[in-house]
Structures are given as C-alpha cells and as structure tokens.
Amino acid sequence: MDTRRWIERFAELVAADADRLTRLDAAIGDGDHGANLNRGLRAAVEALGPDLPPGKVLMTAGRALVSKTGGASGPLYGGALRRAGKALGDAADADATALAAALRAALDAVQQLGKAVEGDKTMVDALTPAVAAYEAAAGDGPAAAARAALDAAEKGAEATVPLQARKGRASYLGPRSVGHLDPGAASTVLLFRALADAAGEG
Amino acid sequence: MDTRRWIERFAELVAADADRLTRLDAAIGDGDHGANLNRGLRAAVEALGPDLPPGKVLMTAGRALVSKTGGASGPLYGGALRRAGKALGDAADADATALAAALRAALDAVQQLGKAVEGDKTMVDALTPAVAAYEAAAGDGPAAAARAALDAAEKGAEATVPLQARKGRASYLGPRSVGHLDPGAASTVLLFRALADAAGEG
Amino acid sequence: MKKLIGDVDDVVLDTLRGMAAAHPSLRVDLDQRIIVRADAPRTGKVGLVSGGGSGHEPLHGGFVGYGMLDAACPGEVFTSPVPDQILAATTAASGGAGVVHIVKNYTGDVLNFQLAAELAEDEDIEVVPVVIDDDVAVQDSTFTAGRRGTGATLFAEKAAGALAEAGGSLQDVAAVAREVNERTRSFGVALTACTVPAAGRPTFELGADEMELGIGIHGEPGRERTRLRPAPEIVDVALSAIDEDMSLSGSEVLVLVNGMGGTPLMELYVAYAAVAEWLGGHGVTVARSLVGNYVTSLEMAGAMISVLRLTPQLTELWDAPVETPGLRWGR
Amino acid sequence: MKKLIGDVDDVVLDTLRGMAAAHPSLRVDLDQRIIVRADAPRTGKVGLVSGGGSGHEPLHGGFVGYGMLDAACPGEVFTSPVPDQILAATTAASGGAGVVHIVKNYTGDVLNFQLAAELAEDEDIEVVPVVIDDDVAVQDSTFTAGRRGTGATLFAEKAAGALAEAGGSLQDVAAVAREVNERTRSFGVALTACTVPAAGRPTFELGADEMELGIGIHGEPGRERTRLRPAPEIVDVALSAIDEDMSLSGSEVLVLVNGMGGTPLMELYVAYAAVAEWLGGHGVTVARSLVGNYVTSLEMAGAMISVLRLTPQLTELWDAPVETPGLRWGR
Ligand SMILES: Nc1ncnc2c1ncn2[C@@H]1O[C@H](COP(=O)(O)OP(=O)(O)O)[C@@H](O)[C@H]1O
Ligand SMILES: Nc1ncnc2c1ncn2[C@@H]1O[C@H](COP(=O)(O)OP(=O)(O)O)[C@@H](O)[C@H]1O
Ligand SMILES: [Mg+2]
Ligand SMILES: [Mg+2]
Ligand SMILES: [Mg+2]
Ligand SMILES: [Mg+2]
C-alpha cells in the first residue's frame, strides 16, 4: 500500500472539493472546513521527503496537518494520521492487515481527542463504519478492503444528515443542525476515496 | 392675506410631500430635507398663538423654524419668514403690495445668510423668479399674484435640474449633481403653492 | 432597514439615554440635547464646544471630557443642531474665558452655529468659531460651499482641548484648532451606502463590485464611482489626492485610518498596513497614528484617511492626557 | 464580497502588518504570527496568552499590553491557531512563573491549545489552561460541545492580566480567570451575516426583516430566526436568557454591550439605554459598563450582551490600569 500516494490523492480530492466542504461547513459551522483541510494537506504533501516508509509518511503528514490546519479538523485528522503511522512502525510495506490496524488506531485517536461517539454527527460517523468495513474485508486485499471502506464511509456520512449534532460547532445550532451533511464526515469520505484510488492504482 | 393659513397650508403640503423631498435630497444631499422641514413646520404651526397680526405670524413661524429645523434649510427658511414678518410690521392686514415687499425681504435674507445667487442650484433659483413674478402681478391682487409666483417658482425649480450645484451639499458632488431637481427649490414651490392656496381661499 | 433601534423618531434621544447611562462622567441633558463634562463650566478655562448632525459617533459626544470638549450638541441624524441647543452647550461650557466653537464646514452647521454665536454674545459670552474643512475630495473655490469638515475635526478637538486644559487663551485655543485644520487633509471611500433611520432606505445604491471615491460623512455619494479595488490601490488614490493638495514628503505626520461605521477593525488594519507602506515609500515619517471608528457615517462600510503635518507643539498636544468615552490615554 | 482588503489569502498577515505599524508598543512576529508585549517576557511575572481565529478584532491582539495579555496568536479567519504558533506565543510570554492560556471553548481551540500546552511542558513551561464558555444560547450538557466562549473572554483577559501585573501567582491568575468565566453570561443577536474572506459569500442568508437570536462569534446562524424586533425587545430576550441561567437580581454587575463589527456605536448606545433600563427594573446595579466593538465577528451587524456579577476584587481588577490598543485607561 503506497501511503504517500494515498495522502497525495487525499490532497487532490480535497483541493477539488474544498468549495463544497466549505459550503457544508457554512450551513452548520463556520465555513472554513474546505479551506482548513486544503491548507493542511498542501503542507502535508510538501512535507513528505523522498523514500519514506509507509508509517513515516503518515506520521509526517499528520504532523504537518497538526502544524498547519488549525480548527478542529487539524488536530483530529493530524492526530489520526500520526497514530496510524505509529501503528505501521518502520516496516517497509503495509499490507491490508497492517493498514486495518492503523486505521483502527486512527479512529481511536480521533475519539480520544474529540470525545465524539457515533451518532454525534461528526467525522466519527463516517470513520467508524469505514474502519470496521476495512477490517472485515482486509482478507480480500487492500484494494477490495478500501472499496468496502469507502462504501461504508459514504453511507455513514449520508446518515449524518438527519442527525442533530452533539459535538463541534454544529451542536450550537441544536435542532437547526438537522438536515445537513456533516462537513467532517464528507471529508472522511474523501479520505477513503483517496485510499481506494491509491490501492486501486497500486 | 391670511398669513397664518399660508403657513398652515405650507406645513400640510410639506407633510404630504416629505417623502419626495427627502428622496430628492438623498440623490444629491443627505436625505433629510423632507424630515427637516416637516419637523420645523410642525413646530411653527404649534407656535402660532391666536389672533396674531400677519407680520407677527410670519415672525413667530420663522423663529420656530430656526429653533426646530436644523440643517441648512432651517436658518434659511426661518430667516426668510422672520424678515418677511418684520417687513409686514404690526399692520392688521397684508395686501398684495405689502406682501410683495415682504417676499423681497425674505429673498434678501436667504441671500444674505446663504450667499447663493441664481444658478447655484438652490432654493434661490425658485425664490428669485417667484418674488419677481409676485411683484409684477401685485396690482392684480393677492390671488393672481400668488398664482403668478407659483408658476414662476415651478419654472425656476425645474430649471435647477440641468445645473451643477455650487452651494449646499449638492456642490460636493460636482458634475454628478447635474440632472437632479434641487430639494430646496422643490420645497420653495410648495411655499408658493401654499400661498396661492391660501390667497385663493381668502 | 436593519438597525438595532427602537422608534426611529427617538433614535437621537435613545442614543443620548444610552450615553448618559454608560458614562457617569458626563452630564447629559435630554431636554436640551447636550452632553457636558460633569465638571463644566470650569472658571477661567476656555470652553470648547462642538456639535453637528448625529450618526457620526463617537464624534462629538464621545469626545466630551478631560482634555477635549466641554460640551457637545448633537442634532438629528445628519442634520445640524439648532441654535438654541448650541447656545445651551455654549452656556454650559462657558467658564468666563470665552468659548471656541469647532464647526464642520456644512452650510447648515455654519449657519446654525453663527446664529447661536449671536445669541451667546447677547448673553456676554465671547465665542470664536473655527470652521473645519479638510476634505480634499471637494474642490475648494468661491463657487462651491467649500470643503467638508471630516477627520480634522477630531484632531482639532484634541489639540484645542489639550491647550484649553493647559490654560491656553481664547485666541490661542482657536488658533491651534485653525492650525490643525490648515495642516490636515482627508479623503474617504465608501464600499456601501448607509440608511438614515427616518428615511428608511439607503441614500444611494452601489453595485456588488462598485465603490465610491471621495465621499463625505453624511451618506452622500462621492465624486466618482469605480469598480471595487484592493486596499493598496484605494490607499494610493486617497494618499495621492492628499499629497497633491498638501505635499507630505519630508514631514512628520499624525495619520488616522478612520472606519465609516460598518467596516471592522481587521480591514482598517489591512488598510493601515498599506498606508504605512505608502507613506514610508514617499519619504513621510509617521510619528503618531490612530486606527478605528472615530468619525463615522452610520453603518457605512468604508474608510477615510486623514493626515496631519505635525509640529512639535501639535505632537505634544496630541500626546497630552485625554479622558473621554471615545479617546483616552494618559489617565 | 465588499471588503477593504488586498489578497484574500493574506488578510491575516496584512492585519498583523497593520498592527505592527500602528502599535510600536507591540512586537509583531509575522513569521510566527504572534503579537507580543514589547517588554515580554518579564521575569517572575505570570505570562498570559490567548488566541483564536482572526476576525474578532480587537480580540485578542488588541488586548496585548500592560495589564492584559503578554502575547496573542491569531489563526486564520475563524480558525483556531495551530500548536506551533501557540507554543511560540507561550514561549514569548514565559517569564519563568508559568503561563495561563485563555481558551475560548471551541473544539478546535481547545484541541490546539491542549497540544501546544504539551509542547510547552516539554520545554519546561508550566501551562494552566482556562476555558471560557459564557454563551447561554447554547445548552450546556455533556451531550454537546458545551457553551461557546464570547464576551467573558475580554473580562477574563482583563482581570487575569491585572492580577498577573500585580504579581499574582500562576494558580491565582488562572483562578481569577475561571471565576470571571463562572460569573459571566452572554447572549448575542445578528441582524446580518458576515463573509469569511476565503469563502467569499455570507455564511447564511437573512431576509430584510429577519434576525438571528443566540448567535456565536463565527458567523454561524443562531438558535432561532425571528422577525426583526425593536432594540428593547431584543434586549429583553437577551437579558431574560442570561437572567434565567444566572439570576441577576440584587447583584452589582459589569455589563458589556458589544458590537459584532458592522453595527455603529449609535445603535450600541440605543441598545445600552434599553439594557440599563432593563437591569434597573430588575433590581440589578450596574457598577461598570463598556459599550463598543470588542469581540467582533467580521462585519456582522448585531450585538452581544455580557453580564459579569462583580465581587469587590473583580471590580478592582477591572479598574486597574490597562494600556493596550483596544482597551486603555489609568495610564
Ligand atoms: N469533537 C469532535 N470529534 C470528532 N470530530 C469533530 C469534533 N468536533 C468537530 N469535528 C469535526 O470537524 C469538522 C469541522 O472541521 P473544521 O471546520 O475544519 O473545524 P472548525 O469547526 O474548528 O471550524 C466537523 O464537521 C466534524 O466532523
Ligand atoms: N447657501 C445656500 N443658499 C441657499 N439655499 C441653500 C444653501 N445651501 C443649501 N441650500 C438649500 O437647502 C437645501 C437643503 O436643505 P436641507 O436638506 O434641509 O439641509 P442640509 O443640506 O443641511 O441637510 C438645498 O436643496 C438648497 O436648496
Ligand atoms: Mg469550520
Ligand atoms: Mg439635507
Ligand atoms: Mg442634513
Ligand atoms: Mg473554524
């Protein structure tokens, strides 16, 4: 699994979709999610030196995200990638089993930092089923697992629409947060689309 | 000539047309001419005690206008009426000849205070021809003279449209003041319409 | 019209009520509609009075206090105060050493202050008027009403107030206000119009990508409408106009980047960055500066730049302690 | 989007440039994006640091100076600063006696300050965070992100800054900030939305006769949309919500009527008149007040009311001299 390609693809997808993410955030947040992630991911891609092992790639990208993103999503995505990278260690390759464990570590990091559980209308709602789906399909290889994860992430994100937010800025709106897609869940879908794209190429 | 009726009628006409005067002022001034005159004239009408001689009526109204109007138009209209009242003196009646002299005194007061000459795009452009017309027709009696004055005031006001303002706020606009009716000239038309109405009734 | 107000007809009165409640150091007379220093009149001190239409807050009422105005008289929104009101402020400010009127150059203000001065003289109060006309967007000629009074008003009130506080004579206090006016030039731009409460609609319409150059402080349109430009270009237009009228190179200046009421501080700092760069690049030393909303035009978005060529005395008067709701330092 | 700015991507940097030029009493580091008191760090003095997204000016950078913050770290517009930047501010403020972080309760701010505190501890700087959450429009429950930090931030920075200046210990300075937060409640309304420069369009749409009740300071819509109401009714909604959450009757309070950035002072005074009347009518003594634009949300029109139940110590800390671009008295 080429984690560098994963991060680069994630950056591409976010750049292309930044406007939509920002608009989603304007509806129930403060209208900066696209700009935040885009800024952070550009820094992450730049930070990636040549010939890094997969775990080191994720740790470097995570650190850059923390350093440059700001907002809630910076520490959350940054912490997630750092923890995932740590889980991969110094191994030269990352197979589906290793990546499954790394993804689980990422989810744990997000939940430790942000204290959100499924149903709070956050990125956790996309991340949790995606990680579970990846784990379940890991035996079928990285490409199939990533496709399954993407599928689950999309469903999880979509399921945030009818929810009332209990974490993040959207929670300030109370009942008015209902009926909107959570921007962080939307960007998590892009994270898994990038994973599927990268795994499919490799 | 019932000067009290004149002032009351002026107040009525301005109240009915305040919005238009304000809109004219918004275009090339600061959008308060209607509100100013309306406020001042309400105070003027209130200030008029019973059984005042014609000259005293105008002096009282003029003083109230100065006290309550503010802006450029307050001292100008107020000073004009005060000076006109002074010209009428304590006489129990004001015939067309006396009123002609009073109107001339009013015009002098406006020009002494405001230093505007004809063609500067101010109330002077309506007042000057109106006073001249009244003087010329005074021999035909107050009703005919007032009608002639109204006619001249209307033409004079209309003639401000193509002018570039050289006095008052509109002068700040330079060439952009061209193409608009001067609000003070417009209210001067109402002054003479009120005079014609009052003279016609009497 | 979106305004945080009650009855439109009471907006000036309600503003005065708010000022009275917020500032125990001021004596606000709601009947006379004047705002007076709690310790006025001070015997032997030259009184300093200013006023004009409302809608420019903190000007003038917010500049009443130690080291600045003794009294202010706010008219209706954008409408000069009436003579009786100006007289009341003058009387309240008079400590026997005469009173200086700081009058912005608008026909209505000039006429009403003139009438008030005549009334004051009837009461044996000597009044010296100083007319402020610093706005370079207007051609100064005998064929116009002359230039408008804008940002220099604040500077003149500060300098004259400091000198009066220090015991300056009537003539000296008036002279320093006049000197400040002569050494100051201003130029303003608007990104949006503003709405006079009683009128209920904006005084002009601006397209989404348009702005007005050379505006005054009464919601009037400017000399020219252009497409919206970036802050450095706007600053260049404003400072070039000022510089052309009063050469700045080589001088030490006090510069004000003044918000018109609806522009947040962030944008004023962005503009000030461009101002500082422009002045530095043109051989001008910025000795003092002020960035904020001081001479406003209701909720208009935009800014006005005022530049005062300092002298050592003017710098000293600017630095002198002042304690008013709108400007405070040194105590 | 009508803003007096240059390149949208540089708006925070340009703001910092303007602040650097306008305030020689501040040290502005454009690379690290921090604003620091010229005399920091002061050995033995507890350091006080705050920060958050930009767009709230003068908060926080405008409150750096004697008697208030030692350093501020502004993030992108409405986006919390990053840990490295917060660390740089913390290091600059650290005089060896520890540093208090004043953090507004937003997930992003809390997380980034938390990471920065960990980094600071690696450098042997003791950090105590105080989280501000005074906004009663948000339900306080374990099932939400909790209440937002708004006007109490200014109060906490002032009180903690005064105590730190007076030599207070790390624990005491943090405790007083916490006490201020616990004794303050706020409620805000918006008459218009605002536009994040990078987004280029308003964060929400409001009809000509609509307003938002219970807004935050990040351009987010409020809890409820209603028809536009007169100032006294709006004030009643806000103060009733505050009073319901923290009973005010019988207390002495400091009250802030805070403009959101696009509302002129005139309207804030009109609102304050209603506030003073409401409080007087409900047995509350207004001991201190502040009216103006202090904790803003870009060019949003509207206001936020904050009420702090004073103690003798808090009154004293409020009255203590302060010398910052945004708040100044006593020197
Ligand atoms: N406590 C949390 N746990 C998990 N995710 C969260 C939490 N708070 C916010 N988020 C996610 O962050 C997203 C918003 O990110 P962003 O807009 O970049 O930050 P900010 O809210 O600081 O402006 C939300 O849509 C949500 O998915
Ligand atoms: N110097 C002057 N001489 C004569 N009339 C003047 C002069 N200045 C202004 N006016 C008149 O006053 C009118 C504006 O009055 P108003 O709007 O009430 O006062 P302001 O300009 O102070 O707001 C102008 O339309 C013009 O006719
Ligand atoms: Mg956001
Ligand atoms: Mg007018
Ligand atoms: Mg006017
Ligand atoms: Mg944000």
Side-chain angles (χ1 to χ4, degrees), chain A residues 18-19 21-40 43 63-79 82 109-110 112-117 119-123 164-177 180 184, chain D residues 8-9 52-55 74-87 106-116 119 135 137-139 141-148 193-204 212 214-225 297:
Chain A
D19 208 54
L21 294 177
T22 287
R23 218 162 331 147
L24 289 172
D25 194 31
I28 53 171
D30 60 351
D32 63 359
H33 187 55
N36 288 349
L37 265 193
N38 199 22
R39 182 177 52 246
R63 239 195 320 261
L65 273 181
V66 170
S67 289
K68 296 291 175 187
T69 312
S73 54
L76 291 172
Y77 274 119
R82 275 168 67 183
V110 168
Q112 255 173 44
L113 279 164
K115 311 273 188 299
V117 297
D120 284 352
K121 196 179 182 113
T122 70
M123 58 173 71
Q164 175 169 336
R166 284 187 301 227
K167 279 284 178 292
R169 284 177 200 288
S171 71
Y172 305 141
L173 291 184
R176 287 178 82 184
S177 63
H180 298 273
Chain D
V8 285
D9 293 331
S54 290
E76 289 296 321
V77 174
F78 291 171
T79 300
S80 68
V82 294
D84 313 34
Q85 188 187 357
I86 303 170
L87 175 64
Y106 303 98
T107 309
D109 291 55
V110 170
L111 290 178
N112 283 285
F113 269 90
Q114 190 177 303
L115 294 176
L119 297 174
D135 173 22
V138 172
Q139 296 264 342
S141 101
T142 46
F143 297 112
T144 68
R147 290 179 159 174
R148 297 173 287 212
C194 58
T195 298
V196 174
R201 55 180 167 268
T203 47
F204 56 88
E212 290 275 339
I215 54 145
I217 57 172
H218 295 90
E220 64 266 45
R223 296 284 290 194
E224 194 191 335
R225 183 166 296 191
S297 186

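Everything numeric in this text was worked out from a predicted model, so none of it was measured. The analysis underlying the following values was restricted to heavy atoms, covering all of them including side chains, and did not include hydrogens, waters or symmetry mates. Lettering of chains follows the sequences in order, A, B, ..., and the numbering in each one begins at 1.
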Structural part of A:Ala18 lying under 4.5 Å from a heavy atom of chain D | neither
For chain A, which of D:Pro83, D:Gly219, D:Ala199, D:Pro81 has the most heavy-atom pairs under 4.5 Å?
-> D:Pro83
Most contacts with chain D, counted as non-hydrogen pairs under 4.5 angstrom, among A:Ala35, A:Ala26, A:Pro175, A:Gly70 | A:Gly70
Contact origin within A:Lys68 toward chain D - heavy atom pairs under 4.5 Å = backbone
Part of D:Glu224 lying under 4.5 Å from any heavy atom of chain A = backbone
A:Arg166 and A:Gly119: which non-hydrogen atoms are nearest, and at how many Å?
-> NH2-O, 3.4 Å
In Å, rounded to the nearest 0.5 Å, how long is the span from NE2 of A:His33 to OG1 of D:Thr79?
-> 11.0 Å
Check whether any side-chain N or O of A:Tyr77 sits under 3.5 Å from a backbone N or O of A:Gly184 as a donor-acceptor pair, and report yes or no.
-> yes
Give, as side chain, backbone, both or neither, the part of A:Asp19 having an atom under 4.5 angstrom from any heavy atom of chain D.
-> both
Pick from D:Gly75, D:Gly214, D:Pro221 with the largest number of heavy-atom pairs that fall under 4.5 Å of chain A = D:Pro221
Find the one option among D:Ala198, D:Gly108, D:Gly53, D:Ala193 whose heavy-atom pairs under 4.5 Å with chain A are most numerous.
-> D:Gly108
Is it the side chain or the backbone of D:Val77 that comes within 4.5 Å of chain A heavy atoms, both, or neither?
-> backbone
Of all of D:Thr107, D:Leu111, D:Thr203, which one pairs up most often with chain A through heavy atoms under 4.5 Å apart?
-> D:Leu111
Interchain contact, D:Arg225 with chain A, by part (heavy-atom threshold 4.5 Å) = both
How far does CZ of A:Arg176 sit from CD of D:Glu220, to the nearest 0.5 angstrom?
-> 11.0 Å
Relative to chain A, which segment of D:Glu76 carries a heavy atom at a distance below 4.5 Å: side chain, backbone, both, or neither?
-> side chain
Okay, A:Ser67 and chain D: the region with an atom under 4.5 Å from a heavy atom over there is both
Relative to chain D, which segment of A:Ser73 carries a heavy atom at a distance below 4.5 Å: side chain, backbone, both, or neither?
-> neither
Can you tell which part of D:Phe204 gets under 4.5 Å to a heavy atom of chain A, answering side chain, backbone, both or neither?
-> neither
Under 4.5 Å to a heavy atom of chain A? For D:Asn112 that would be both
Partner chain D: residue of A:Thr22, A:Leu76, A:Val66 with the largest heavy-atom pair count (under 4.5 Å) | A:Val66
Give a yes or no answer on whether the side chain of A:Arg82 reaches the backbone of A:Arg63 with a donor-acceptor pair at less than 3.5 Å.
-> no
Here the gap from A:Lys121 atom NZ to A:Lys167 atom NZ, rounded to the nearest 0.5 Å, amounts to 15.0 Å
Using a cut-off of under 4.5 Å on heavy-atom pairs, state which of A:Gly174, A:Ala27, A:Ala72 scores highest against chain D.
-> A:Ala72
Atom pair CD/CG of D:Gln114 and D:Leu119 - distance to nearest 0.5 Å | 11.5 Å
Evaluate the side-chain proximity of A:Leu173 to A:His180: yes if any heavy-atom separation is below 4.5 Å, no if none is.
-> no
Tell me whether the centres of the aromatic rings in D:His218 and A:Tyr172 are closer together than 6.0 Å.
-> no
Test side-chain contact (heavy atoms from CB on, under 4.5 Å) applied to D:Phe78 and A:Asp25, A:Asp30, A:Asn36, the passing residue = A:Asp30
Has the side chain of D:Ser297 got a donor or acceptor atom that lies under 3.5 Å from a matching backbone atom of D:Ile217?
-> yes
